[in-house]
Protein chains: 2
Amino acid sequence: MRALCMPQGLSPIELTKLEALICSARSVQRGEALYRSGDRFDNIYAVRSGSMKTVMAHRDGREQVTGLRLAGEALGLDGIGEDVHACSAVALEDSTVCIVPYPALKSLCREIGSMQDRLHKLLGEQIVREAGQMMVLGSLSADERVAAFLLDVSERNARRGYSSAEFNLRMTREDMGSYLGMTLETVSRTLSRFQKRGLVDTQGKHIRIVDLEGLQKV
Amino acid sequence: MRALCMPQGLSPIELTKLEALICSARSVQRGEALYRSGDRFDNIYAVRSGSMKTVMAHRDGREQVTGLRLAGEALGLDGIGEDVHACSAVALEDSTVCIVPYPALKSLCREIGSMQDRLHKLLGEQIVREAGQMMVLGSLSADERVAAFLLDVSERNARRGYSSAEFNLRMTREDMGSYLGMTLETVSRTLSRFQKRGLVDTQGKHIRIVDLEGLQKV
DNA sequence: CGTTTAATTGAGGAAAGTCAAGTGAAGTGG
DNA sequence: CCACTTCACTTGACTTTCCTCAATTAAACG
């Protein structure tokens, strides 16, 4: 659990302090929201098991998936800016999260320099990740977007010690499409074409990457 | 200058401490890079005068404008995540920036709680802003993107005490297009159409918003 | 004031979206 | 545990939006 909740580089002492901080865990049913856009920001979360999506809504009701969080990844940073969550976080499958109260985390960051660094990195990485996604949405073709997405998930799986070649993606085609700025039909067609070209092997939500290099060259 | 470099809510004492931190200012010529993608991350900046764009490059060389910074806004946060800048920052006109050394800022954040809050907010706001841009790129039509962009710049101008109705945008149509995920021709056509519909009045880089409500309804 | 760079506009084409029908997978209740 | 209902996915035909290429005009910089 330690490894899952706050994976990177803290000393044992720091981990103990952090563990004291994590008051509780919570389980979230598939489709249920851990928090909603507009909710007061109290906690940062770490996905312990399962996976979640973050969703942002335009005033006219249109929704866009802004992120995917796999087990081990942080969640909730969208609340720091305005003391209120800017996105909603919805479970893609039955999941559990660790709860890290933000005020306590802030104090800890003032006590322990490496904890401060860790939080800053978390925030900074999120900024870079999102800038990368802006690049995907703004500059890549549909094929390139889907390929980039599969490679991203693959790499994140690898980092968590799972297979980079084969995984279950609990998002629907619609979620993927929303995240990638295209329709669910285009996602489906693109995956079918990739399959014909021998790049991937998809059966619904189960995805196997057959030709990694080929996918990188798309 | 105080107001420009770190506008929001610090006590006078804190401001003094912060000022001690801002070792220097720097001027950047139009077209010149304040920092480049890959440069080591040492400082955060605040635009003191002028304006800048941030640009991210794909490995194949394609570039995407990922942000616009007006006077008074923070710059350089894309370096925190990896100790290396993920974007390049290029001046859109002759500009000056305040330089805030990051290590010193970190220390100050451990001393002064409100400074820590301020930095967290800066990071958090950036995260929310970028998520909003993902939404723009992923869900809006060309017309809606241009309208949203003009309204965003207008609002940011207002917040800085300038006219919300009339301003100079030093970006080229190509920069705007890149930021909004469309071609420069489409930007140009869209602005022309807006002009015919009596929503805006543009003459090159000078933009006047004629019908704010109309623009919001696009 | 001339030269370079940026912006506008038009015509034609390509990529992705929409609508629609059919198939398959998954969750629910008897 | 199976049948049923619902939801998700795939595929095709057609439409729309935006992009590409090209020519012209306007603005900006040295």
Side-chain angles (χ1 to χ4, degrees), chain A residues 29-32 53 62 64-65 90-94 136-150 168-197 200-208 218, chain B residues 29-32 50-51 53 62-65 90-95 136-150 168-197 200-208 218:
Chain A
Q29 299 297 311
R30 195 173 79 90
E32 192 192 340
K53 64 176 174 182
R62 271 177 295 186
Q64 162 102 6
V65 174
V90 177
L92 293 169
E93 58 195 301
D94 295 353
V136 167
L137 290 167
S139 306
L140 305 191
S141 69
D143 281 14
E144 292 171 325
R145 289 181 207 188
V146 173
F149 177 64
L150 294 179
N168 268 58
L169 242 193
R170 310 304 292 262
M171 300 174 106
T172 64
R173 297 289 185 259
E174 189 169 16
D175 285 334
M176 280 165 97
S178 172
Y179 183 58
L180 298 174
M182 52 208 254
T183 60
L184 69 97
E185 290 95 331
T186 302
V187 173
S188 180
R189 276 188 252 270
T190 304
L191 287 173
S192 298
R193 243 179 303 112
F194 282 2
Q195 178 132 353
K196 279 198 197 90
R197 289 166 59 185
V200 300
D201 184 14
T202 65
Q203 284 171 42
K205 299 199 170 20
H206 187 83
I207 292 175
R208 193 163 59 86
V218 165
Chain B
Q29 300 297 311
R30 193 173 81 88
E32 192 192 339
S51 56
K53 65 176 174 181
R62 272 177 294 186
E63 287 194 340
Q64 162 103 5
V65 174
V90 177
L92 293 168
E93 58 195 300
D94 294 353
S95 305
V136 166
L137 290 166
S139 305
L140 305 191
S141 69
D143 281 16
E144 292 171 325
R145 290 181 207 188
V146 172
F149 177 64
L150 294 178
N168 268 58
L169 241 194
R170 309 304 293 262
M171 300 174 107
T172 64
R173 298 289 185 260
E174 189 169 16
D175 285 334
M176 280 166 92
S178 173
Y179 183 57
L180 298 175
M182 52 209 252
T183 59
L184 68 97
E185 292 95 331
T186 302
V187 173
S188 180
R189 276 188 252 272
T190 304
L191 287 173
S192 299
R193 243 178 303 111
F194 282 2
Q195 178 133 353
K196 280 200 197 88
R197 289 165 59 184
V200 300
D201 184 15
T202 65
Q203 284 170 42
K205 299 198 169 22
H206 187 83
I207 293 176
R208 193 163 59 85
V218 166

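Side-chain atoms of A/Asp94 come within 3.5 Å of backbone N or O of A/Arg30 as a donor-acceptor pair. Remark: the backbone N or O of A/Asp143 is not paired with any side-chain donor or acceptor of A/Thr190 at under 3.5 angstrom. Formation of a donor-acceptor pair under 3.5 Å by the A/Arg62 side chain with backbone atoms of B/Ser139 is found in this model. Between the side chain of A/Ser178 and the main chain of A/Val65, a donor-acceptor pair closer than 3.5 Å is present. At distances below 3.5 Å, not a single donor-acceptor pair connects side-chain atoms of A/Arg173 with backbone N or O atoms of A/Leu184.
Atom pair B/His206:NE2 and C/dT8:P shows a separation of 14 Å (rounding to whole Å applied). For the pair A/Asp175 CG and D/dC7 C1', the interatomic distance rounds to 13 Å; values are reported in whole Å. If you take CE of B/Met171 and P of C/dA7, they are 11 Å apart, rounded to a whole angstrom. Nucleotide C/dC19 holds its P atom 12 Å from the CG atom of A/Leu184, rounded to whole Å. Between the C1' atom of C/dT5 and the CG atom of B/Leu92 lies a distance of 15 Å, rounded to the nearest Å. D/dC9 atom C1' lies 14 Å from atom CG of A/Leu169, rounded to whole Å. The separation between B/Arg173 atom CZ and C/dT9 atom P is 11 Å, rounded to whole Å.
A/Leu191 comes within contact range of no nucleotide atom at all, as no heavy-atom separation falls under 4.0 Å.
Nearest to the side chain of A/Ser192, among D/dT11, C/dT8, C/dA6, sits D/dT11.
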* **side chain to side chain donor-acceptor pair (under 3.5 Å) assessment of B/Gln195 paired with B/Thr202** => CA-CA 7 Å; B/Gln195 178 133 353; B/Thr202 65; 3.2 Å; yes
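For the atom pair NE2 (B/His206) and CG (B/Asn168), the distance works out to 6.0 Å, reported to the nearest 0.5 Å.
The terminal axes of the helix from C/dC1-D/dG30 to C/dG30-D/dC1, fitted over 5 pairs per end, subtend an angle of 70° to the nearest 10°.
Looking at B/Lys53 and B/Glu63, no side-chain N of the basic residue comes within less than 4.0 Å of a carboxylate O on the acidic one, giving no salt bridge.
Within 6.0 Å of the CD atom in A/Glu174, the count of heavy atoms belonging to other residues, nucleotides or ligands does not exceed 12.
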* To do: For nucleotides 16-30 of chain D, just jot down a letter per nucleotide in 5' to 3' order: B, S or -, based on protein non-hydrogen atoms under 4.0 Å.
  => --SSBB-------S-
